[in-house]
Amino acid sequence: MSDTDLNTLIRSSENGDAKAREELFTVLYAELHNLAQRQLRRNASLTLSPTTLLHETYLDMSSRGSTSFPDRARFLAYASRAMRGLIIDYFRSRSAQKRGGEFEITVLPTEMPQGVESDAELQRLGDAVDALANIEPRLAQVVDLKFFCGLTFQEIGAAMGTSDRTVKRDWEKARILLQHELTET
Amino acid sequence: MDRVGRFSAEQWKEISPYLDQALDLEAHARERWLSELKALKPRLAADLSALLATHAAVDAAQFLECSPLSPGAEPVAGQQFGAYTLESLLGRGGMGSVWLARRSDGHFEGKVAVKILDHRGVAAQGAEQIRREASLLARQSHANIARLFDAGFGEDGQPFLILEYVEGIRIDEYCAGRALSLEARLALILPVVDAVAHAHAQGIVHRDLKPPNILVTAHGVAKLLDFGVASLISKSASLTTSASIAKTAPLDAALDAPPSLGMTPAFAAPEQIRGETVTPASDVYALGVLLHLLMTNRHPFASETSTPTQLIRAVLTDDASLASESVAASSSKRWVSGDLDAVIAKAMQREPENRYATAAELAADIRRFLSHRPVHARSHSWIQRAAMLTRRMLQRAD
């Protein structure tokens, strides 16, 4: 994908074009995944945190020149959802590999999130976050940034342009709704 | 239609501000507030009660609180820390990793070492303290101490230290590799003892003196690494349980506990192993172990087969054998036995108050020994003093 195409996607997404948005997630997913693979080839013994992966992907994309996310915060807003997808796929492929599946992104941390028993459960959580995004996108974004990307409240506040306190409150509300979604459906 | 749980987008929009309000209230104020609301909007109050009950459950279960994806982040080459860009991994230890790095803005050519600490256990309130102490350390300057230039927190929140990059060989390997004479070894270590004394005078204790932290450069200068770093780390890690276990538990528990952060059992003084207060005398102890090691090529307690537990037990309960007993060559044995034995033994006393109080006193005694004067570690008979005086006169006559 050329930089012009990518910029069009970013612009259209910013203007609320849902289809462009989905495409942008796909592009960012590929970027994150490629970078993870590249790091893996370069230094197989290291694990890489999602935070670092996001950071490196942002640097990588901005260093290629004309790609223009309005700022790092907007990049994070899109990339955090792509990261959620990557993480879920990663855990799924890991358990697939245990059953004889094919590939593994070993650069990511190898332990399952505490309290999440299986990749299927992680998938359900991901779906619940999608449902949450339809009701109040901001809450879903906090979950993506905090749980799936490992950012701190301060970092999320800085990225979203809100106070730590607001982020913390959103996090509480998001957890309540997710729990409801997971237990009532 | 979009729903989360049993709530539609519309319902949620109505409930959300009430939930904000409820979450702001203390438990009993919230009860009253809810019962008042119930009279006005029973449906809404019922929904809120359900959500608040879920909140209590979510809170108790720490739902989603532990993401495996947060911290523990591994730095990678090219990543920036402060004004520096990481180039290659120099080493990795229990507390983090050390990288060779260069100034990102090309401002000056110098290479630095960046020590990136594993930040689990570093509390947010500890951050300011680390910064303050680091800036204090950064003001220290001594030819035999690798400088600490800066400290800060990386993108992912890991604390890091920017240190002078020293290219050199571990002091024990340097001595063995060049088959240095015992006198040359003592001359090499003396500036290190002076450097420790300099730091003691500033109120800084090293806490982790050991051969990997003392490198000899191509110019034959011994440099001390990581001065004060151990204290930064142990302070920042004071929340971890291992440190607090060591503080209060009896001997056996201390033996089973993992060695607390910021020290190496083989060079740690007994009080350090017990988790008691660390003083300049603790550094004196480590220097004593180091002297023993350099004079004899052997650790005073550890053998190749001893386990950490055996080692710790020996440090806590046994007296170290005299250094000269571990020296094979008879001329060297003669050189070490007597005064130098006494100096090393005094530095390695189990009780801190029986050691040299500071590294300066130890350095003074090493100087006395090298110039054939009576050492303070040993009371001398007048016959011995006369013999030493003769040796001194003979040396001057050479």
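Below, chain A is the first sequence line, B the second, and so on; all start at residue 1. Excluded from the calculations below are hydrogen atoms, water molecules and symmetry mates; all remaining heavy atoms, backbone and side chain alike, are included.
- How far NZ of A:Lys146 is from CG of B:Leu64: 9.0 Å, rounded to the nearest 0.5 Å.
- Ranked by heavy-atom pairs shorter than 4.5 Å toward chain A, the options B:Ala50, B:Ser16, B:Gly78 are led by B:Ser16.
- For residues 130-143 of chain A, the interface with chain B (any heavy-atom pair closer than 4.5 Å) comprises A:Ala131, A:Leu132, A:Asn134, A:Ile135, A:Glu136, A:Leu139, sorted by residue number.
- Side-chain atoms of B:Phe7 and A:Glu181, non-hydrogen and from C-beta on, never get closer than 4.5 Å to each other.
- Around atom CZ of B:Arg43, no more than 12 heavy atoms belonging to other residues, nucleotides or ligands sit under 6.0 Å away.
- Residues from residues 17-39 of chain B that place a non-hydrogen atom less than 4.5 Å from a non-hydrogen atom of chain A comprise B:Leu19, B:Asp20, B:Leu23, B:Asp24, given in numerical order.
- In this structure, the separation between OG1 on A:Thr183 and CZ on B:Arg6 is 9.5 Å, given to the nearest 0.5 Å.
- Considering NE2 of A:His180 and CG of B:Asp47, their distance stands at 8.5 Å, rounded to 0.5 Å.
- Residue-environment remark: CD (B:Glu10) stays at or below the threshold of 12 foreign heavy atoms within 6.0 Å.
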